[in-house]
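Structure record follows, encoded as structure tokens.
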Amino acid sequence: MRAKLACQQRSRDPPKGVNLNAHITDKLEDLAEIYDKVLGDPYKAKNHNLAANAIKDLPFKATRIEQLVDPPVIPAMASKRSTVRGKINEILTTGRLQKLEELKRNDRVVAVRELTRVWGVGEAKARHLFNVGIKTVNQLRARQMIGLKYFDEFDQRMPREEASAIAGYVERAARRACPGCVAVAAGSYRRGKPTCGDLDVLISPTREWMTAESCGSLGDGRGGVSTFKDILPTVLAELRGKGVLTDDLSVGKDSYMGLARADADADGGGGMGVVPVEPARTHRRIDVKVYAPEELPFALLYFTGSGYFNRSMRYWAKRRFGLSLNDKGIFRETSNAASKVTDAEIDDEADVFEYLRLKYVAPEDRSV
DNA sequence: GGGCAGTACTG
DNA sequence: CAGTAC
DNA sequence: GCCC
């Protein structure tokens, strides 16, 4: 009964001829690859490949589905309900495969497919890369080169004065883009640490600005951008122009990660006299994020940390109230934006503590 | 509806 | 343990 | 996606 086992067969005689049916098999293989590497369905992929491989070996060019089913190239093809057979039929009759074309039009599919070609990058990692804005191998390469280029600089912490200087640039750019907005440095800086590993700057317009934004120009009519989504790009453009931002790691709709350097003319502290020595400051990791005013208290809490402090607070919220806390608000269900809790008036961090029946803890005391 | 090969390495 | 490669 |  082992006679039919593939491991008991000799490979076919014509070891391999030319594939006369590339018009069919190319599409099937493309689809299989997408099923496997993008959609996480290796068995579906396997079956498409099975059909493709069988068809490749045919000694003639197929033009009608009958040629493939009367003695079926693979057993499944004998069935009228075989979906692979349906797909092949579509290719034969229309010359196209809609399902495939549709998938190939999808951004995520294209990106994940390209990224998984890198050794060590599988479906999960590729999906993650896509989620952080890395869609091509070149973007991945660029990021890694930045990681290596600044390897030594990245594990130096910056004095808080330097963090303050960089944050000052961001704040001035933000104020120009969005008059009246707040721009605060969170993270360990806000916790009052003497040195910081990186810098998180949160930008948030005022409620007034949010309602006035649709009017296009406000106040004196200069400066200011027209809509919320223009804030981040405008701020980034100015910071790049000033040479404050030197490299981008990821640039999203309202979240930026990159490298910043306090301006060279601010002098590295060499003192007076000679010292024309290149004062170029160390490159620092910086994140800039834009939040709507009602989200700011949550974002501040989240990005001020510490990580441990956050986890303990979220743990309490969940255990005591069954609530989920993130950088945008309090939710009844994790990762369900629609379940946002709106009954409380949360204007600042203290309100969040109060809502959760916790005593307020000042930023300087959150380095637990 | 569950199985579809099994193992080794990495972090 | 999840993810990846083979 | 196919097979039991």
Side-chain angles (χ1 to χ4, degrees), chain A residues 1-11 16 21-58 62 65-94 96-104 106 108-137 139-141 143-144 147-148 151 154-155 197 249-250 307-308 311 315 334-335:
Chain A
M1 282 296 76
R2 71 180 98 155
K4 322 175 62 160
L5 264 34
C7 59
Q8 301 293 274
Q9 313 296 315
R10 302 181 52 176
S11 48
K16 275 330 172 214
N21 292 290
H23 57 125
I24 303 172
T25 60
D26 285 354
K27 289 185 166 55
L28 291 180
E29 288 179 326
D30 270 10
L31 192 55
E33 191 186 318
I34 292 174
Y35 275 132
D36 189 17
K37 305 212 175 139
V38 184
L39 305 180
D41 203 336
Y43 295 112
K44 215 175 264 194
K46 207 161 279 186
N47 279 304
H48 284 80
N49 279 324
L50 195 68
N53 288 329
I55 293 171
K56 273 187 197 174
D57 292 339
L58 292 174
I65 192 71
E66 294 75 35
Q67 299 172 291
L68 305 175
V69 305
D70 94 35
V73 287
I74 55 169
M77 294 277 290
S79 164
K80 207 98 174 148
R81 265 188 317 287
S82 160
T83 54
V84 169
R85 170 167 155 179
K87 291 189 177 92
I88 294 169
N89 190 39
E90 182 186 345
I91 295 169
L92 255 18
T93 56
T94 70
R96 319 197 316 159
L97 186 51
Q98 287 240 219
K99 175 99 180 174
L100 178 62
E101 292 178 12
E102 191 180 309
L103 286 165
K104 281 186 165 179
N106 181 306
R108 200 180 70 89
V109 171
V110 172
V112 169
R113 209 170 166 213
E114 174 174 339
L115 290 167
T116 52
R117 292 175 56 202
V118 176
W119 198 96
V121 177
E123 185 208 343
K125 197 169 294 180
R127 196 186 311 128
H128 177 254
L129 289 170
F130 180 83
N131 288 340
V132 300
I134 296 169
K135 305 183 162 115
T136 70
V137 172
Q139 286 173 13
L140 180 61
R141 183 184 281 128
R143 193 186 68 155
Q144 298 195 317
L148 294 174
F151 180 82
F154 280 180
D155 50 33
L249 293 170
S250 77
Y308 188 82
R311 290 203 301 278
Y315 178 72
T334 307
S335 65

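Residue numbers begin at 1 in each chain, while the letters A, B, ... track the order of the sequences.
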| query | Which distance, rounded to the nearest 0.5 Å, do you find between the CG of A:N53 and the CD1 of A:I74? | reply | 10.0 Å
| Any idea which heavy atoms bring A:R143 and A:L129 closest together, and the distance? | NH2-CD2, 4.0 Å
| Between D:dC2 (C1') and A:K44 (NZ): distance, integer Å | 11 Å
| said: Strictly below 4.0 Å: does A:S79 bring a side-chain N or O up to OP1 or OP2 of D:dC2? | reply: no
| Is there side-chain contact between A:N21 and A:K56, with at least one heavy-atom pair below 4.5 Å? | no
| Quick one: A:K125 NZ to B:dC9 C1', roughly how many Å, whole number? | 12 Å
| Does a side-chain N or O from A:W119 land closer than 4.0 Å to OP1 or OP2 of C:dC6, or not? | yes
| task | Using the P atoms only, state how far B:dC4 lies from C:dA5, rounded to an integer number of Å. | result | 22 Å
| task | To the nearest Å, give me how far apart CG (A:L100) and P (D:dG1) are. | result | 13 Å
| said: Between A:K27 and A:E90 (salt bridge meaning N to carboxylate O under 4.0 Å), is one present in this structure? | reply: no
| Please walk me through it: do A:K135 and A:R108 pass side chain to side chain contact (heavy atoms under 4.5 Å, CB included)? | CA-CA 8 Å; A:K135 305 183 162 115; A:R108 200 180 70 89; over 6 Å; no
| query | Does A:T83 put a side-chain nitrogen or oxygen below 4.0 Å from OP1 or OP2 of D:dC2? | reply | yes
| message | Can you list every stem that DNA chain B is part of, counting only runs of 3 or more consecutive Watson-Crick or G-U wobble pairs with both distances under 3.5 Å? | response | B:1-4 with D:1-4, B:6-11 with C:1-6
| message | Distance check, rounded to the nearest 0.5 Å: A:R113 atom CZ versus A:L103 atom CG? | response | 9.5 Å
| query | Side-chain N or O of A:Y43 less than 4.0 angstrom from OP1 or OP2 on D:dC2? | reply | no
| query | B:dG3 and C:dC6: how far apart are their P atoms, nearest whole angstrom? | reply | 27 Å
| request: Round to the nearest Å and state the distance from A:R117 atom CZ to C:dA5 atom C1'. | output: 17 Å
| remark: Rounded to whole Å, the CG-P distance (A:L129 to C:dG3) equals 14 Å
| To the nearest Å, how far apart are A:K46 NZ and D:dC3 P? | 15 Å
| message | In this structure, how many angstroms lie between the P atom of B:dC4 and the CG atom of A:D41, rounded? | response | 15 Å
| request: Tell me what A:K37 touches on the nucleic acid: a base, only sugar-phosphate, or nothing, going by heavy atoms under 4.0 Å. | output: nothing
| query | At what distance, to the nearest 0.5 angstrom, does CD1 of A:I88 lie from OG1 of A:T93? | reply | 11.5 Å
| message | Give me the distance, rounded to whole Å, that separates D:dG1 from B:dT7 when you measure between the P atoms they each carry. | response | 30 Å
| field | Nearest-Å distance for atom pair CG/P, residues A:D36 and C:dC6 | value | 13 Å
